[in-house]
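Okay, so here's the structure we're looking at.
We count ligands from 1, going down the list as the structure has it; atoms in each ligand are counted the same way.
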Amino acid sequence: MMKVRRFSTAALATVYVAAQIESLMTREAEPVLGLATGSTPINLYRQLVEFHHQGLSFSHVTTINLDEYVGLAADHPQSYRRFMDDHLFSQIDIPLANTFVPNGMAPNLDRECDRYDAIVNAHTIDLQILGIGRNGHIGFNEPDISLKTRTHVIDLTEDTIQANARFFSTEAEVPTRAITMGIQSILQAQSIFLMAFGRDKAWAVKRALSGEVSTEVPASFLQMHPNVTFVLDAEAAVALDDPRTPYPDQENLGSRL
Ligand code: F6R
């Protein structure tokens with residue numbers, strides 16, 4: 001059974017998740033965090049930076065990020081490596097050598113996927129942070145007729161490209177491919193906290209929790225994991241009370257099915 005924690009605001013939900021991380025970090029000698037990028041965890045990272053200012057050290061922490069765009073250099077303003085550096089790593093005392101993000105500029109992407117899988121397999125992720133796409137993706141495991149288990153290169157769906165377009169000046173600049181950890185890599189974590197805020201996520205949250213596993217909603221695979229908590233604000237939880245909540249944009253089903 002997946003746990004669901006509902007909060008009236010995203011701010012409260014964020015404090016809840018930050019406290020889980022803080023507790024893990026003080027409990028474990030060498031904690032490993034699985035991290036996500038995107039809008040959802042930005043305030044989580046801000047909160048962790050605050051905790052750091054209050055004396056919490058990250059010197060013993062390892063982080064493994066879910067994904068990275070193909071074709072963006074580490075210092076590109078929209079790369080996920082840069083996102084993590086800006087929002088978290090540069091503001092805390094984590095050794096950069098302990099922070100892992102796939103290399104979207106690797107000359108041989110298949111080899112990069114193998115390298116990243118070896119990193120994932122060499123660690124046990126104690127606590128995995130996930131966001132969720134409005135189409136139900138986790139990491140960049142997009143809705144499809146089948147899902148890949150391990151780290152792989154994926155063609156982003158039209159829906160995801162459009163959702164990401166807000167960060168780029170033209171849609172042509174938005175990357176169309178990404179490297180992402182696979183579903184099985186994600187399910188290897190000891191505990192998973194999926195954060196979802198806003199009405200845009202309500203449909204995906206509802207489908208993920210629906211009691212059916214479908215490759216059409218990759219987040220539904222989390223139902224097979226023994227320790228998952230969905231951390232929601234009121235808006236993201238709205239469909240749990242109202243089964244008729246539609247997909248956020250009916251024109252664009254965000255799926256290749
Ligand atoms: C990012 C990631 C994605 C996002 C998802 C939600 O590393 O893996 O699955 O979590 O696209 O993005 P936001 O938070 O921007 O709505």
Of all heavy-atom pairs between Ser57 and Asp93, which one has the smallest distance, and what is that distance?
OG-OD2, 2.6 Å
State, to 0.1 Å, how close Arg134 and Asp200 come at their nearest heavy-atom pair, and which atoms those are.
CB-O, 3.4 Å
Look at atom 1 (C) of ligand 1 and say which protein heavy atom is nearest, naming residue and atom and giving the distance to 0.1 Å.
Thr37 OG1, 3.2 Å
Going by heavy atoms, is Arg166 under 4.0 Å from ligand 1?
yes
Contact summary for Gln47 and Ala18, nearest pair of heavy atoms:
CG-CB, 3.4 Å
If we number the atoms of ligand 1 from 1 as shown, the ones under 4.0 Å from a heavy atom of Gly38 are 14 (O), 15 (O)
For atom 15 (O) of ligand 1, what's the nearest protein heavy atom and its distance?
Ser39 N, 2.8 Å
Determine whether the aromatic ring centres of residues Tyr69 and His76 are separated by less than 6.0 angstrom.
no
To check you understand the geometry: which heavy-atom pair defines the closest contact between Pro31 and Met25, and what is its length?
CG-CA, 4.1 Å
Quick check: Tyr80 and ligand 1, any N/O pair under 3.5 Å apart?
no
Nearest non-hydrogen protein atom to atom 11 (O) of ligand 1, with distance, is His137 NE2, 2.7 Å
Which heavy atom of the protein is the closest neighbour of atom 10 (O) of ligand 1, given with residue, atom name and distance?
Gly131 CA, 3.3 Å
Between Leu33 and Ile125, what is the shortest heavy-atom contact and its length?
C-CG2, 4.2 Å
Any chance you could lay out the side-chain hydrogen bond (donor to acceptor under 3.5 Å, both in side chains) test for Asn121 and Arg150, step after step, and finish with the verdict?
CA-CA 10 Å; Asn121 289 333; Arg150 316 302 319 186; 3.0 Å; yes
Flag the pair Asp241 and Arg6 as a salt bridge only when some basic side-chain nitrogen lies within less than 4.0 angstrom of an acidic carboxylate oxygen.
yes
Nearest to atom 3 (C) of ligand 1 by heavy atom, Gly139, Gly198, Gly133, Ala36: which?
Gly139
For atom 6 (C) of ligand 1, find the nearest protein heavy atom and state the residue, atom name and distance (0.1 Å precision).
Ile132 O, 3.4 Å
Give a yes/no verdict on whether any heavy atom in Lys201 is under 4.0 Å from an atom of ligand 1.
yes
For Leu66, the ligand 1 atoms with a heavy-atom partner under 4.0 Å come out as 8 (O)
Using a 4.0 Å heavy-atom threshold (strictly under), name the region of Asp67 that reaches ligand 1: side chain, backbone, both or neither.
side chain
Could you find the nearest protein heavy atom to atom 14 (O) of ligand 1 and give me its residue, atom name and distance?
Thr40 OG1, 2.5 Å
Please report the shortest heavy-atom distance between Gly133 and Ala204, naming the atom on each side.
O-CB, 3.4 Å
